[in-house]
Amino acid sequence: MTAHSRPARAADSRPARPVMLGQNQYGKAENRVVKITRDGDTHHIKDLNVSVSLSGDLEEVHLSGSNAHCLPTDTTKNTVYAFAKEHGIESAEQFGIHLARHFVTSQEPIHRARIRIEEYAWERIAGSDANSRFIGADEVRHSFVRKGQETRLTEITYDGEQWQVISGLKDLVVMNSTNSEFWGYVKDKYTTLKEAYDRILATEVSGRWRFNWTDDEQRMPNWERSYEQVRKHMLEAFAETYSLSLQQTLYQMGSRVINHRSEIDEIRFSLPNKHHFLVDLEPFGLKNDNEVYYAADRPYGLIEATVLRDGVEPKIPVDLTNL
């Protein structure tokens, strides 16, 4: 036997276990499309990040490598840009509905399309009243600054018959500097947290809400107004709730939305508690009367829950990242 040879192994007499293809999908992710609508001298911007995912009769592309049923992902990318021109972008939801319907109805092997969209908001820059004439503009209507408050989200799923629209937002940072307490909690030998009767309550809202619009026979919601109103009710509930826990605040935010927006049956939140701890200033001979805080970025409490209309089955995924 040479130094590099290996002894022969006995043949494995065990029967081969059957292998099956499970859930699968494909598409082009994160297509950045910016649509400028020119209304005379006044311009409007829609700035989207669109991800297309298709599923259906796609077994052979996995099992044999046959691409006979495979629409190239490059084609899905091109469709996004072409639809921005052909259909415009009235709203993220409406744009996603156009795309999902197209892929399912135009491609026989495709049985289900899921379109996920992030929308980045821009606001118009107001020109100064003074001196604008000197740069040749009486009114600035085409300059914008990117909003940094939150990212709007939507996910549209279509199987040829039924729609599911789950919209939402992320990265919306909010704070109450008072009207928040936290006390009366379970204590054991590892508990060091002091009870608080006046604390900062801050969080970064990630929320998803599901519309009860599911088929073309129903009246379609006004997607733009719905988003504005849901956001408004969430913020109002956050501001107006005297909070004894972030869980209580979450429930009030969800309840306000369900009670005021008939087009929405379910809303789910993931709220990290952005802790603000009082700094001990006594070593410096100073009294900290709820004035100076240390903002801790991690670790953080993470509060998550779904609020539903009575009798409704929950369908928003618990982890918000379903396949």
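Since we're looking at a predicted model, the values are computed, not measured.
Among residues two or more places apart in sequence or in another chain, the salt bridge (charged side-chain N to carboxylate O under 4.0 Å, His left out) test is passed with R32 by D47. Residues meeting the side chain to side chain contact (heavy atoms under 4.5 Å, CB included) test with A237, sequence neighbours left out: M253, R256. Partners of A196 by side chain to side chain contact (heavy atoms under 4.5 Å, CB included), not counting sequence neighbours, listed by chain and number: R199.
Here R116 does not pair with E30 in a salt bridge; the nearest charged N to carboxylate O distance is not below 4.0 Å. Salt-bridge check for D159 with R112: failed, with every basic side-chain N at 4.0 Å or more from each acidic carboxylate O. A salt bridge is defined here as a Lys NZ or Arg NE, NH1 or NH2 lying under 4.0 Å from an Asp or Glu carboxylate O, and E150 with R231 meets this definition. Between K232 and E228 there is no salt bridge, since no side-chain nitrogen of the basic residue lies less than 4.0 Å from a carboxylate oxygen of the acidic one. At a threshold of 4.0 Å, the pair E224-K46 counts as salt-bridged, since one of the basic side-chain nitrogens sits closer than that to a carboxylate oxygen. The pair E118-K170 meets the salt-bridge criterion, since a charged nitrogen lies less than 4.0 angstrom from a carboxylate oxygen.
Formation of a donor-acceptor pair under 3.5 Å by the D39 side chain with backbone atoms of H43 is not found in this model. Side chain of Q107 to main chain of F103: no donor-acceptor pair is present (N/O by atom type, distance under 3.5 Å, no hydrogens or angles).
Taking the six-membered ring where tryptophan is involved, the planes of Y158 and W163 are essentially parallel, since the angle between them stays under 30° and well short of 60°. A perpendicular orientation is assigned to the rings of Y293 and H276, their planes being inclined by more than 60° (bins at 30° and 60°).
Side-chain contact annotation: E263 with S226, donor-acceptor N/O pair under 3.5 Å present.
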